[in-house]
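Remarks on the structure that follows.
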Amino acid sequence: MNGLFAQNAYLLISLLKVAVVVLVLLTGIAYLTWFERKVVAHMQSRWGPERVGPYGLMQPLADGVKFLFKEDPTPAGADRFVYFLAPFLSLSLALCTIALIPFGPGEISIFGRSTSLSIAEINISLLIVFAFTSLSVYGVALAGWASNSKYPLLGSLRSSAQMLSYELGLTMSVVGIVLLSGTFSLRTIVLAQQGTVLGVLPRWNVFSPIMPQVIGFLCFFIAALAETNRVPFDLPEAETELVAGFHTEYASFKFAMFFMAEYAAMVTVSAVASVLFFGGWLSPFPENPAFHFTYYLPAALAAVGGVLLIVNGLRYRSKVGRVVVPVLGLILLLLAATCALPGVNPVIQGPFWLLSKIFFFLFVYVWIRGTLPRFRYDQLMAFGWKVLLPVSLANVVVTSLLILLREKR
Amino acid sequence: MSAETVLFIVFAGIAVMAAVNLIWQRHPIHSALSLIVVMVSLAALYLLLGAELLAAVQIIVYAGAIMVLFVFVIMLLNAGEEERTEVSHAAKFLGVPLAVALTGLLAWRMWAFAPAAAASAVTDQNQTKMLSRLLFTDFTFPFEMTSILILIAILGAVVLAKREQ
Amino acid sequence: MDLAADCVVLSAILFGLGVVGFVFKRNIITIFMSIELMLNAVNLAFVAFSRQWHDLSGQVFVFFVIVVAAAEAAVGMAIIVLIARNRHSLNVERVNLLKL
């Protein structure tokens, strides 16, 4: 038994890492829908989900159960194979990208073997991310075609043209990063961002002393909004014009897969944006003993959250809530205590900062959704080709020029 | 058998089956999907051969851009199933053996051309850098020519697809 | 087994299948796809030889093939759209007049 384990240790540890990441990601996606509804509701002076569980916390579970038990019809004249393939393709490609994200600097040991904090270590991981993104258009395009219905077809025609056009801007906007760090490996790109600028700012690529990649980041974020079909670029599923766009004919779990794919894509794009432009797992504080107290930030945050939950939970209006919410608070307090342990504390720093950056970008996504109206189709195309592409190309030219001048000196 | 051989057999099998499926299927969308499968398994073979950059480019450009264009045009034109017309007897009884003969001849000549000595895999970490250097030194002229080619292609596509007033 | 030599044989088989598709298919888009299949087979041979001789220029050629294929697809698709608009069919046997 021991020998078998030793032989397959690499495989087992990889499977364990995959299981942990997928579990966390899927739970995160479920609660991202809750978070989005809550935030948009508060922006519009509503309460959002309130009924299922305290603060509507059981809403994602209720939604999941509802999806599972809905009838799942296939439209007449649909191409059955492609109709089944499309949601599967969408979801799996959206989930795959997360395997390439490095979550922390060091190595952790599981069962006495050290392993890095990412599922796959490839030296061209950035290109693989783009490979997955470029394939994700098929899920949307094929779904609309296979449904054999006019609104989905219109939605998928729009989306294939849109995703093809904005992919250029997306790819061009990160060329500056590749030039600055001289590598395609996400881990090395993060490592190249260590240090500070002028002693205060972290030396992340957005604040790079050679050429701050602010324009590159803006291009990347706008193109990423379009690639994930989010407001204001959600024309493929414009519900006021096309019923629900490419997934009009989908119901039940197949619809849930498209839904999850959209949110998974949001999470992975936010992760890639934080790794490329905002230093990934790096802390925004300088690495010196004076700032060592920031290591206790995750524990402090969890503790404050726990205390708030207990105090508010004891006054919650329903009886169940008065029990469940304080228990959640206690769990958070326990988590805080674990995070403060000297053995755990340094390990969670990387994941903590990366996750907070991802969370920040997800909030911006929701914020934009609550703020902006949808583009018109011709405006969308004109913006992609006449503004986004030239601006990101100019960014590439200026960045490479500045790097060349610096090397000449 | 080494892991390399097993992976080669798996991906080569997928590629050949998908290529046969491309010819077999009557609906262009199904043919396009088969071709995408061929391209992705070829990308996996490139990884096996140590050409990682090409594997990524193959998926990004071929599967992610060119084939999207194919699928887009098929959807746009609403292409239906192919009409099968009668193939002449000469094509049936002469063409198929000739195609097999061509494949065999190609395989045999190229197999003979490949040096038999098993070369050690190129495990150079900086292959991408070497490739780019080659592209911008020895192959600068062809590289610049491709940009003109693409410009001409863009102009040609615009002129051709423009509706006459 | 030698990986590069096997890849060369696979490349020949894929090329042969591409030729068969090119000759037998009647849909103009599928014929175009058969050409792409042949180009892919050639690319595989390039990469295999490049590995065998430790020479990266083989891989550079694959880049050029991909670029040419992209340009070809752009123009080819425009022509196909034009044919479909004028003939209302994608069957190559219907394209039997010189004038549009």
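Any value given below was found using the heavy atoms of this structure, including those in side chains, with hydrogens, waters and symmetry copies removed. Here is how names work: the chains are called A, B, and so on, in the same order as the sequence lines, proteins then strands, and each is numbered from 1.
- Counting only residues at least two apart or in different chains, ring pair (Phe, Tyr, Trp, His ring centres under 6.0 Å) contacts with residues 28-73 of chain B comprise B/H27-B/H30, B/F70-C/F32.
- Using a 4.5 Å heavy-atom cut-off against chain C, the contacting residues of residues 139-148 of chain B are B/F139, B/P142, B/F143, B/T146.
- Contact of B/V16 with chain C is made through backbone and side chain together, with heavy-atom distances under 4.5 Å.
- Residue contact with chain B, scored on non-hydrogen atoms closer than 4.5 Å, involves the backbone and the side chain of C/I79 alike.
- Pairing each heavy atom of C/A69 with each of B/I66, the nearest pair is C-CD1, 3.9 Å.
- Annotation for C/M77 and B/V73: closest pair SD-CG2, 3.5 Å, computed over non-hydrogen atoms.
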- Checking side chain to side chain contact (heavy atoms under 4.5 Å, CB included) for the pair B/V57/C/F63: CA distance, chi angles, key distance, verdict? CA-CA 8 Å; B/V57 169; C/F63 268 108; 3.9 Å; yes
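- Neither the backbone nor the side chain of B/V100 comes within contact range of chain C; no heavy atoms are under 4.5 Å apart.
- Heavy atoms closer than 4.5 Å to chain C are found nowhere in B/L98, neither backbone nor side chain.
- For a residue to count as touching a neighbouring chain, one of its non-hydrogen atoms must lie under 4.5 Å from one of that chain's; by this rule B/A32 touches chain C with backbone and side chain alike.
- Proximity to chain B is limited to the side chain of C/F61, based on heavy atoms less than 4.5 angstrom apart.
- Side chains of B/Q58 and C/N43: no donor on one and acceptor on the other come within 3.5 Å.
- Taking the side chain as every heavy atom from C-beta outward, C/S57 and B/D138 never approach each other to under 4.5 Å.
- Contact annotation for C/V19: only side-chain heavy atoms (C-beta onward) come within less than 4.5 Å of a heavy atom of chain B.
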